[in-house]
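Working notes for the structure below.
No experiment lies behind these values; they were computed from the predicted model shown.
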Amino acid sequence: MTLYALREERPRIHPDAYIHPEAVLIGEVRVGPGSSVWPGAVIRADNGPIVIGARTSIQDGAVIHTQAVRQTRIGDDCVIGHLVHLEGCTIEDAVLVGSGSVILEGVICRSGSLVGAGAVVAPGTEVPSGAMALGVPARIRPRTVTPDSVKINAEAYSQRHLPQHRDGSHEVTLAECLEH
């Protein structure tokens, strides 16, 4: 993994978290226990802290940034999908953010909400608990998800994928992969 300090601020990673060797963390990034950051993810906290709670999965290619006036905070038991962009927003506990979505400054995704794949959530939007945000620009569909349905996705990463990679993943050579 590539870790960078900015002046005195450096990433702080819980020993139970998994950071893939090809992820990049810059500045005041905090990663909680049981969380995972996957290949190609870039978490750049150059304007203030980015806090990631416990058992949260930051998937491949995600870009997480912060702003001088708005921190980026991600709660416990969240799944931040592949190629997601988060910018100066708050993601509470048990939120699923679908692949390729963009969540802009000042957005609050309340606990037990879902942002659909490819959605763009406009600045200042609130996604209520139990609601989905779908489309471009995202429209809110209230009372369409349950916190338990979101939490099941997070549990798959913290209980199956994280131990599999943390305890059994290792680099191999091309020669080891060639079939004879």
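- Under the side-chain contact (heavy atoms from CB on, under 4.5 Å) criterion, E8 pairs with no residue, sequence neighbours left out.
- E87 is linked by a salt bridge (Lys or Arg N to Asp or Glu O under 4.0 Å) to nothing, counting only residues two or more places apart in sequence or in another chain.
- Here CD of Q67 is found 8.5 Å from CG of L104. Values are rounded to the nearest 0.5 Å.
- For the pair V107 and T90, the minimum side-chain heavy-atom distance is 4.5 Å or more.
- Expressed to the nearest 0.5 Å, how far CZ of R55 lies from OG of S36 amounts to 12.0 Å.
- Counting Ile, Leu, Val, Met, Phe, Trp and Tyr side chains that sit under 4.5 Å apart, directly or through other members, L174 shares a hydrophobic cluster with L178.
- Clustering ILVMFWY residues whenever any of their side-chain heavy atoms sit less than 4.5 angstrom apart, transitively, puts M132 in a cluster other than the one holding V136.
- Partners of S99 by side-chain contact (heavy atoms from CB on, under 4.5 Å), not counting sequence neighbours, listed by chain and number: H82.
- Hydrophobic clustering, with ILVMFWY side chains joined whenever heavy atoms are under 4.5 angstrom apart, groups V97 together with I140.
- For the pair T56 and V79, the minimum side-chain heavy-atom distance is 4.5 Å or more.
- The distance from atom NE2 of H85 to atom CD1 of I103, rounded to the nearest 0.5 Å, is 10.0 Å.
- R139 pairs by the side-chain contact (heavy atoms from CB on, under 4.5 Å) definition with nothing, not counting sequence neighbours.
- A chain of hydrophobic side-chain contacts below 4.5 Å, direct or via other Ile, Leu, Val, Met, Phe, Trp or Tyr residues, connects I13 to I80.
- Not counting sequence neighbours, T144 has no partner by the side chain to side chain donor-acceptor pair (under 3.5 Å) test.
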**Message:** Walk me through whether R7 and E9 qualify under salt bridge (charged side-chain N to carboxylate O under 4.0 Å, His left out).
**Reply:** CA-CA 6 Å; R7 293 166 294 287; E9 298 301 338; over 6 Å; no

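- Scanning for side-chain contact (heavy atoms from CB on, under 4.5 Å) contacts around P137 gives an empty result, with sequence neighbours left out.
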**Asked** Do L25 and V31 pass the side-chain contact (heavy atoms from CB on, under 4.5 Å) test, and can you show the C-alpha distance, the side-chain angles, and the key distance before you say yes or no?
**Response** CA-CA 10 Å; L25 282 64; V31 181; 4.0 Å; yes

**Request:** Kindly indicate, with the supporting measurements, whether the criterion side-chain contact (heavy atoms from CB on, under 4.5 Å) is fulfilled by V63 and V84.
**Result:** CA-CA 6 Å; V63 174; V84 164; over 6 Å; no

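- Taking CG from L96 and CG from L114, the interatomic distance works out to 4.5 Å, rounded to the nearest 0.5 Å.
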Show me the donor-acceptor pairs, under 3.5 Å and distance only, between side chains in residues 118-131 and residues at least two apart or in other chains.
unit_1 : atom_1 : unit_2 : atom_2 : d
T125   : OG1    : A122   : O      : 2.8
E126   : OE2    : R110   : NE     : 3.1
S129   : OG     : S111   : O      : 2.6

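- Through direct or relayed side-chain contacts under 4.5 Å between Ile, Leu, Val, Met, Phe, Trp and Tyr, I108 connects to no other residue.
- A distance of 7.0 Å separates SG of C89 from CD1 of I74, quoted to the nearest 0.5 Å.
- When all heavy atoms of G32 and A17 are compared, the closest pair comes out as O-CB, 3.5 Å.
- V102 and V95 are members of different hydrophobic clusters when ILVMFWY side chains are connected at heavy-atom separations under 4.5 Å.
- When atom types are taken as modelled, the side chain of D60 and the backbone of W38 share no donor-acceptor pair closer than 3.5 angstrom.
- When every heavy atom of D93 is checked against every heavy atom of G75, the shortest pair comes out as OD1-CA, 3.3 Å.
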Table please: side-chain donor-acceptor pairs of residues 41-50 below 3.5 Å, with sequence neighbours left out.
unit_1 : atom_1 : unit_2 : atom_2 : d
R44    : NH1    : D46    : OD2    : 2.5
R44    : NH1    : H65    : NE2    : 3.3
D46    : OD1    : H65    : NE2    : 2.8
N47    : ND2    : T66    : O      : 3.2

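- In this structure, CG on L86 lies 7.0 Å from OG1 on T72, to the nearest 0.5 angstrom.
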**Message:** Could you walk me through whether T2 and I26 satisfy the side-chain contact (heavy atoms from CB on, under 4.5 Å) test, starting with their C-alpha distance in whole Å, then the side-chain angles of each, then the deciding distance to 0.1 Å, before giving a yes or no?
**Reply:** CA-CA 8 Å; T2 305; I26 303 168; over 6 Å; no

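- In terms of modelled atom types and a separation under 3.5 Å, the side chain of S35 and the main chain of Y18 share no donor-acceptor contact.
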